[in-house]
Structures are given as structure tokens and as C-alpha cells.
Amino acid sequence: MKTNTLISLNKIAKVYRGQNVETYALKDISLNINQGDYICISGPSGCGKSTLLSLLGLLDSPTAGDYFIKEVDTKTLDMDQQAELRNLHIGFIFQSFNLIDELSVFDNVALPLTYREPAMSPSEIELAVKQALDEVEMGHRSQHKPNQLSGGQQQRIAIARALAGKPSILLVDEPTGNLDSKNGDAVMDLLDELNKKGTTICMVTHDLRYAGRAKTQLKLLDGEIVSYSEARQAPSSDNTEHALESAEVM
Ligand SMILES: Nc1ncnc2c1ncn2[C@@H]1O[C@H](COP(=O)(O)OP(=O)(O)O)[C@@H](O)[C@H]1O
Ligand SMILES: [Mg+2]
């Protein structure tokens, strides 16, 4: 494992077992995600994209295989330790923004920070929220309620909420699914910008226009990785070799 490896999946499988049915949602997934990567997962409905994101986000556990995050074997953690790791390292962005209508924008962004261990002080929380809202250019809306904002603005607030905890990786599921193309473009521009500034992103999208923006394309079919490619971008620095070998499939 290289020093900048954030996440390492080794032969991951996920089987959903119902009364008389078994669904093999993921089979034999091996993948490394390194700091600074920008990965797009695509594939037809039901191929396992959301399952993969929920495993990456420690919302569910694999049936088989190993999942390391920052070299910690997640199998060795109990539920509380997993929640702690999730709170510390993972930012989620969903198609439905999942904001709480009764809370102000400020309080929505602050909420996950109030669960931090060790606890953050009110002034630390205020600073982190302000920085995150400024990052998405929504600082002037901090006292609004979500339903007073457009869909695009609500998604920006959801992105601020994910960023406020300074996560190691953003996990993004169909971020533009509920947006018109103008707002969708703006949200994607923001994600591109965040990646350029160093944020690691793993995103699921159906939309091929947006998928092409990611540096790494991963295609799933019936729970398996069927193709994996990295964009051949013009070398912007002398670490081209590093860029090409990052996020490799093992
Ligand atoms: N909680 C669940 N229980 C049973 N089967 C599930 C569950 N979640 C997903 N599945 C099944 O697993 C497969 C992959 O689902 P999913 O990861 O949601 O696909 P995608 O996000 O690519 O559309 C599908 O066949 C789906 O029906
Ligand atoms: Mg899905």
C-alpha cells in the first residue's frame, strides 16, 4: 500500500439475503483510491453503484473481502468505531439533498460537527461552518431555511455540510439527478474545483457529460468492474507517472 493510499478494497463481495432470494450486488471488487483522486462510477441501474458507495462510506459492511481506510482494517472496528471513522473521514452528497427543513442553512451544516469526538467548541464549529459556506459561495444565505433556496443552492449547502468536517473523501451519488442542466453544471463545476484544490472524490453518475470530467472512469456491470480507465490529461507537472498510477485497480 502506498503512503497516499486512502482506501483499499480487496476482493469485496456484497450479497443481500432475503427470505428466498440472494442478490449478488458486488463481486470481487478490488480497488485503491489515493488522495486527490477523482473517480466516476457508472453503469446501468442495479449494477451495484450505490451499494459500492455505501460500503465505501461505512454505511454497510461487505459480505466478503477486506476494506482498509487509512490503513485501518474496518473489519476490526465495532459500530461506534465505524461511526467515528465515518464522521472523521467521509463526506456524503446525495441526489436528494437530505437537508433538514426546520433548521437554518447554518444549523444544517453545523449538525454533523456537533457529533465529533473529541467535541468541537462552538467557536470552532462556527468557523468551520463559515469556511464551508464560503467555499460554496453560500455564506450570504446562512440564516435561510432550505425551502427558501433553489435546488442548486440546496445542493451547494449539502456540499458545504459534507466539506465542513474536512473529510478525506467525498462520496457523491447522482449529485445532479434532481437538478436542471444549469444548476447541474454549476454543482459539477464546484466538484471539479474542489478536486483541483485537493479533495478526493468518488462519484456515481448516469450522466455521461459529467462522467467525462472525472480523472478516472470505472464501469460496473452486474456487480463487477468491467472497465477502468484514466483520462490522459496533459501533464501539468512532473508527477505524471504518479498521476497515471494513482487509483489503480489491483
Ligand atoms: N437493501 C437491499 N436489499 C436487497 N437487495 C438490494 C438492496 N440494495 C440493493 N439491492 C440490490 O442490489 C443490486 C445493486 O443495487 P444498487 O447498488 O442500488 O444499484 P445501482 O445503484 O447501480 O442502481 C440490485 O439488484 C438491487 O436490487
Ligand atoms: Mg443507485
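Fair warning: this is a prediction, and the values are worked out from it, not measured in the lab. Just so you know, these numbers use all the heavy atoms, side chains as well, and skip hydrogens, waters and symmetry mates. Counting convention: from 1, in listed order, for ligands and their atoms alike.
- Checked for salt-bridge contact, Asp66 and Lys75 meet the test: a charged N lies under 4.0 Å from a carboxylate O.
- Between the side chain of Gln217 and the backbone N or O of Ser229, no donor-acceptor pair lies under 3.5 Å.
- Using a 4.0 Å cut-off to heavy atoms of Thr51, the atoms of ligand 1 that qualify are 14 (C), 15 (O), 16 (P), 17 (O).
- Ranked by closest heavy atom to atom 22 (O) of ligand 1, the top entry among Glu174, Glu22, Lys49, Lys14 is Lys49.
- Side-chain atoms of Asn178 come within 3.5 Å of backbone N or O of Gln95 as a donor-acceptor pair.
- Atom 27 (O) of ligand 1 is not flagged as protein-proximal [any protein heavy atom, distance under 4.0 Å].
- In this structure, atom 7 (C) of ligand 1 has protein heavy atoms in its sub-4.0 angstrom surroundings.
- On a distance-only criterion, Gly48 and ligand 1 share at least one N/O pair closer than 3.5 Å.
- The shortest N or O to N or O distance between Thr23 and ligand 1 is not below 3.5 Å.
- Counting only protein atoms, the N, O or S atoms lying less than 2.8 Å from the Mg ion (ligand 2) are Ser50 OG, ordered by chain and residue number.
- If you take CG on Leu220 and OG1 on Thr51, they are separated by 9.5 Å, rounding to the nearest 0.5 Å.
- Of the protein's non-hydrogen atoms, Ser50 CB, 3.9 Å is the one closest to atom 18 (O) of ligand 1.
- Of all protein heavy atoms, the one lying nearest to atom 13 (C) of ligand 1 is Gly46 O, 3.6 Å.
- The 12-atom threshold is exceeded at OH of Tyr16, counting heavy atoms of other residues, nucleotides or ligands nearer than 6.0 Å.
- Glu137 CD: 12 or fewer foreign heavy atoms inside a 6.0 Å radius.
- Between the side chain of Ser8 and the main chain of Phe68, no donor-acceptor pair closer than 3.5 Å is present.
- For the pair Lys49 (side chain) and Lys219 (backbone), a donor-acceptor distance under 3.5 Å is absent.
- In this structure a side-chain-to-backbone donor-acceptor pair under 3.5 Å is missing from Lys166 to Ala128.
- Scanning all protein heavy atoms for the shortest distance to atom 12 (O) of ligand 1 gives Ala25 CB, 3.5 Å.
- At least one heavy atom of Cys47 sits closer than 4.0 Å to an atom of ligand 1.
- A salt bridge between Asp180 and Lys182 is absent, with no side-chain N of the basic residue lying under 4.0 Å from a carboxylate O of the acidic one.
- Closest to atom 1 (N) of ligand 1 among all protein heavy atoms lies Tyr16 CE2, 3.7 Å.
- Between Glu126 and Lys130 there is a salt bridge, since a side-chain N of the basic residue sits under 4.0 Å from a carboxylate O of the acidic one.
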